[in-house]
Amino acid sequence: MQTDFLVIGSGIAGLTYALKVAQDCPDKTITILTKTQSDETNTKYAQGGIAGVMDADKDSFEKHIEDTLIAGDGLCNEHVVEIVVKEGVDRIKELIEWGAQFDKAPDGEFKLGKEGGHSEYRILHHKDFTGREMERALLEKIKTLPNIKLVSHCFVLDLITQHHLGYLVTKSTLDIECYGVYVLNLNTQKIEKILAKIILLASGGNGQVYRTTTNPAIATGDGVAMVYRAKGRIENMEFIQFHPTALYEPGVRGQSFLITEAVRGDGGILRNADGEAFMEKYDARKDLAPRDIVARAIDNEMKIGGTENVYLDCRHMPKEKFLEHFPTIYDKCLSIGIDVTKQMIPVAPAAHYSCGGIKTDEYARTSIKNLYAAGECASTGLHGANRLASNSLLEAMVFAHRAYLDAIERINGIKQIDENLIPGWNAEGTNKPKEKILITQSLKELKLLMSDYVGIVRNTERLHRANKRLDLLHEETEVLYEKTEVSPQLCELRNMITVAYLIVKSAEFRHESRGLHYTTDYLSKSDKVQNIVL
Ligand code: FAD
Ligand code: SIN
């Protein structure tokens, strides 16, 4: 199959880009691939909202920039921060034009929320299911554009580069080029090659690498792993953001339900097992300090108290107001026997967001020619060592737009590769798997080791241990991969091992504590401010 533009991912980044390209180039074909249902994305689960300076009287670009830089702990690219904050407002307006609705007060003004690290109320939201509303609006709009083909249940296996033409491609090869992808089409169970002139990776995050995460099952870091295999550049993978308040439900595996930070923005207070409001011991901004600080404080309180959770106290908040802003949270808690107006909510930190990823420039270009990346899989320089809450949906839209601007300028100058030059997928020597236990057990081991050794607080010995265990998992999985027919489960395991390796390696290289990377062996910040690129 051939297409002009290929988009991998149907979250906010992929859909925004596809829409813009399709509107601008009605004579071109755009294909979006997504590995499960179209709306099963991190985007759909976003709760708190999207940050933007919508009220220039009370807020300013300067303040939003400053908040982002403070959260990023010295590692943000200031120019990129300025781009995102300033251009973000127009992107939010476009989203509204496409039909997304944000909560408004009776006077017609947006109801703006506040989250950790923000000095002003600037977060637009749709109750506590902002992401679902955005995803709905974008998918509706996509349907109106005849030159977009959205194919669900299509698992992208690998990027096609010169390597597949028989050339030796290494990290030092200049001008690595992407011609398309190999895909396992789950609708037909066939492996296909899809060739394109321009490819956008919008494949999202990697929270599933950890045992406890707010991310859905699709968040397995496939895009990052594919780019790494194709010898592209990956940056700052050590900065994994743990959300301080995922609902603590013993026995629940996979995705943890999020209790949005907006609850603390509206007055929710964190308390330890003794009922003490502890955040003032850690930071003057208390419950609304940036996420790295709150998550570490909770981790410490849990260690001191020997508990597996702390509590979020909302009992003092007016019931009507809570129900209006947080209906999903209210219902979810009630469904497990917690009436938030009378009982505290048990919460614990969970892996939430990957600040690093595929290294991109100001137009979302990766180190591989004709390959762009936007959204959570990309490392643009916005977040530095710690992302400011509600900045990621904004970043995804801004860089999807910038990728679109660059791509439409270049598309007519790109010649599609002759498909006869690209070999079909090589499945020689592979057989149907006899048992799945080899995959599921390795996955369990991977998640455990990442949570136990590469979590909120790290040290050199734990990282070395993690590395050794990852080596073994890698070796065993590669042997399995060589002789087994590919499946999403096997490929995801392989991708997650790669992503885990990149997290651990980057963490080992960073000899300091900065932002989300906190190691007891290097407690202070180094004078040398640097990105770790692998
Ligand atoms: P996603 O929305 O995750 O989409 C990824 C897409 O890639 C999916 O369609 C998936 O199927 C596809 N894909 C992946 N691998 C493959 C493959 N191998 N083959 C084919 N397709 C593939 N951010 C905010 O700014 N504000 C918030 O309030 C907020 N709340 C959040 C709450 C939760 C619970 C979570 C998990 C995240 C939240 N975030 C929030 C972060 C934000 O939602 C994400 O960073 C953002 O939505 C990522 O969008 P994306 O387009 O990059 O990727
Ligand atoms: C939240 O609603 O607390 C999550 C916001 C974010 O991840 O930006």
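Keep in mind that what you see is a predicted model, and the values were worked out from it rather than measured. Worth knowing before you read on, the calculation uses all heavy atoms, side chains too, and leaves out hydrogens, waters and symmetry mates. Order of listing sets the numbers, starting from 1, for every ligand and every atom in it.
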For C154, the ligand 1 atoms with a heavy-atom partner under 4.0 Å come out as 19 (N), 20 (C)

- Query: Among the heavy atoms of A396, does any lie under 4.0 Å from an atom of ligand 1?
  - Reply: no

Sorted by chain and residue number, the ring pair (Phe, Tyr, Trp, His ring centres under 6.0 Å) partners of H126 (sequence neighbours excluded) come out as F129

* Can you find an N/O atom of L258 closer than 3.5 Å to an N/O atom of ligand 1? -> no

Between K63 and E66, is there a salt bridge with N-O shorter than 4.0 Å? no

Please determine whether any non-hydrogen atom of T130 lies less than 4.0 Å from an atom of ligand 1. no

Query - Sub-4.0 Å heavy-atom approach of G131 to ligand 1 - result: no

Ranked by distance from atom 5 (C) of ligand 2, the top protein heavy atom is R291 NH2, 3.0 Å

Among non-hydrogen protein atoms, atom 47 (O) of ligand 1 lies closest to T43 OG1, 2.8 Å

Numbered in order shown, the ligand 1 atoms found under 4.0 Å of a heavy atom of A13 are 51 (O)

Discussion item. Side chain or backbone, does H352 bring an N or O within less than 3.5 Å of an N or O on ligand 2?
Written reply: yes

closest protein heavy atom to atom 32 (C) of ligand 1 is Y45 O, 3.3 Å

Quick look: E376 vs ligand 1, heavy-atom contacts under 4.0 Å, and the answer is both

Within 4.0 Å of some non-hydrogen atom of G375, the atoms of ligand 1 are 52 (O)

The option among D222, L15, T34 carrying the non-hydrogen atom nearest to atom 10 (C) of ligand 1 is T34

Of all protein heavy atoms, the one nearest atom 8 (O) of ligand 2 is S390 N, 2.6 Å

Just to check, does N391 reach to within less than 4.0 Å of ligand 1 when the distance is taken from its heavy atoms?
yes

Counting heavy atoms under 4.0 Å, the part of L258 that contacts ligand 2 is side chain

If you scan protein heavy atoms around atom 23 (N) of ligand 1, the nearest is S392 OG, 2.7 Å

Within 4.0 Å of some non-hydrogen atom of G48, the atoms of ligand 1 are 28 (O)

Practice item. Return yes when K44 approaches ligand 1 closer than 4.0 angstrom through a heavy atom, no otherwise. Key: no

- Query: Looking at ligand 1, does R387 have a heavy atom less than 4.0 Å from it?
  - Reply: yes

heavy-atom search around atom 1 (C) of ligand 2 in the protein gives T260 OG1, 3.3 Å

